[in-house]
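What follows is one structure encoded as structure tokens, with my remarks underneath.
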Amino acid sequence: MGGRGRFKEVTVVAVYGDGRGATAVPSIKRAVEALPGSRGLLITNEELDVDVKQRLLGGGMDYNGYTEFVMYSLHNFIETEFCLIVQHDGWVLDGKNWRDEWFEFDYVGGFTHAALMPNGQFYKNYQWTNLPNVGEALVVQNGGLSLRSKRFLEAPSKYGLMRRQAPEGMMYEDIQLCCLLRRDLEKLGLKFATDEEARLFSFEHIGPPHSGMDVTKIFGHHSRFRQLLSNGEMLWKLTRKQTEEIYGEKVLLDLFEKHYGYTVHAV
């Protein structure tokens, strides 16, 4: 089965081990609505009074535990060919922007500001875009809204790919998978989305690599500065001053307010 008929092979999943799973329910519902035929799943350490299917964890976990769970245990909870990870701060913006080409990859996440260079140097804030060997950058594709194949989820456990030792801030699962373990995963035949497809899939914060893009054509987003409260309401965790000062944020605020019509509650 090809095309959008494959949505029945997608589980929209959110993982919360801190009792806050209910905050992700709007994002789960939004994605299931955008991908007709998909199924929603909340993996939580506490059973909650929400109208989304739940599966319970054995106990609570912090973000380090979340990374371990996603890399080595999530596959045990997914019964479909793909899963779409969502969070309270990562959701689908427009289902019409879905591209069937993404089913050809094992991992698709939003193009971010961070990348690992061949010399082992990890750069943030798009600093790597000014380097002469920019084409060799392994750009982090944001995991907070990401499409992953079941075989991708299984690979770290199946092949014993352990997390690499890394400086503080590089132990997160999306950095580990997209940078430190990427070549090992590719040798196993797993395919990451191209940078071009990642830019169309989702954004975290836009930067120079997004220059000239029509942001209304991007499928979704993930950022700790934004939270979906309901289908038409969201929280904007930046002051107006910060929004004006951070590259591209005013463009994104206009996207949410003017294009999508969200009621935006600012801090």
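Taking the charged nitrogens against the carboxylate oxygens, K241 and E244 have no contact shorter than 4.0 Å, which rules out a salt bridge. Looking at R20 and D18, a side-chain N of the basic residue comes within less than 4.0 Å of a carboxylate O on the acidic one, giving a salt bridge. Taking 4.0 Å as the cut-off between side-chain N and carboxylate O, D100 and R6 do not count as a salt-bridged pair. Using a cut-off of 4.0 Å between Lys/Arg side-chain N and Asp/Glu carboxylate O, R163 and E68 are scored as salt-bridged. With respect to the salt-bridge test (charged N to carboxylate O, under 4.0 angstrom), the residues R199 and D195 do not qualify. A salt bridge links E173 with R148: the distance from a Lys NZ or Arg NE/NH1/NH2 to an Asp or Glu carboxylate oxygen falls below 4.0 Å.
Under the 4.5 Å side-chain criterion, counting only non-hydrogen atoms from C-beta, V13 is not in contact with V86. Taking the side chain as every heavy atom from C-beta outward, D174 and S146 never approach each other to under 4.5 Å. Inter-residue side-chain proximity for L145 and L84 is flagged as met; some heavy-atom pair is nearer than 4.5 Å.
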Taking distance alone, no hydrogens or angles, what donor-acceptor pairs closer than 3.5 Å link side-chain atoms of residues 202-209 to residues at least two apart or in another chain?
from, atom 1, to, atom 2, distance (Å)
S202, OG, G220, O, 3.2
S202, OG, H221, N, 3.3
E204, OE2, N142, ND2, 3.3
H205, ND1, E249, OE2, 3.0
H205, NE2, S223, OG, 3.4

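The aromatic rings of Y260 and Y262 lie perpendicular to each other, with more than 60° between the two planes, well past the 30° mark. Between F111 and H210, the ring planes are perpendicular. Angles over 60° get that label, and only those under 30° would be called parallel. In this structure, W102 and W98 have perpendicular ring planes: the angle between them is above 60°, well past the 30° mark.
In this structure, NZ in K191 is found 11.0 Å from OG in S149, a value given to the nearest 0.5 Å. Going from atom CG of L229 over to atom CE of M234 covers 8.0 Å, rounded to the nearest 0.5 Å. Atoms CG and CD1, from L238 and I246 in turn, are 4.5 Å apart once rounded to the nearest 0.5 Å. Separation of atoms CG (L41) and CD1 (I85) is listed at 11.0 Å; rounding is to 0.5 Å. Rounding to the nearest 0.5 Å places CG of D214 at 10.0 Å from CG of L200.
In this structure, E257 places its CD atom where more than 12 heavy-atom neighbours from other residues, nucleotides or ligands lie under 6.0 Å away.
Remark: N76 pairs with S73 by the side chain to side chain contact (heavy atoms under 4.5 Å, CB included) rule, at least two apart or across chains.
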Practice problem: Take D184 and Y159 through the test side chain to side chain contact (heavy atoms under 4.5 Å, CB included) and record every step on the way to the result. | Solution: CA-CA 10 Å; D184 296 313; Y159 296 102; over 6 Å; no
Self-check item: side chain to side chain contact (heavy atoms under 4.5 Å, CB included) between F219 and R99, worked out
Solution: CA-CA 9 Å; F219 176 66; R99 288 168 57 81; over 6 Å; no
Exercise. Given side chain to side chain contact (heavy atoms under 4.5 Å, CB included), test F77 with V15 step by step and report yes or no.
Key: CA-CA 11 Å; F77 293 73; V15 180; over 6 Å; no
Self-check item: Worked check of side chain to side chain contact (heavy atoms under 4.5 Å, CB included) between V140 and Y172
Solution: CA-CA 11 Å; V140 179; Y172 300 150; over 6 Å; no
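Between the side chains of D89 and H222, at least one donor N or O sits under 3.5 Å from an acceptor N or O.
For the pair R182 and F192, the cation-pi test (distance below 6.0 Å, angle within 45°) is passed.
For residues 112-122, the set of pairs meeting the side chain to side chain donor-acceptor pair (under 3.5 Å) definition, not counting sequence neighbours, is empty.
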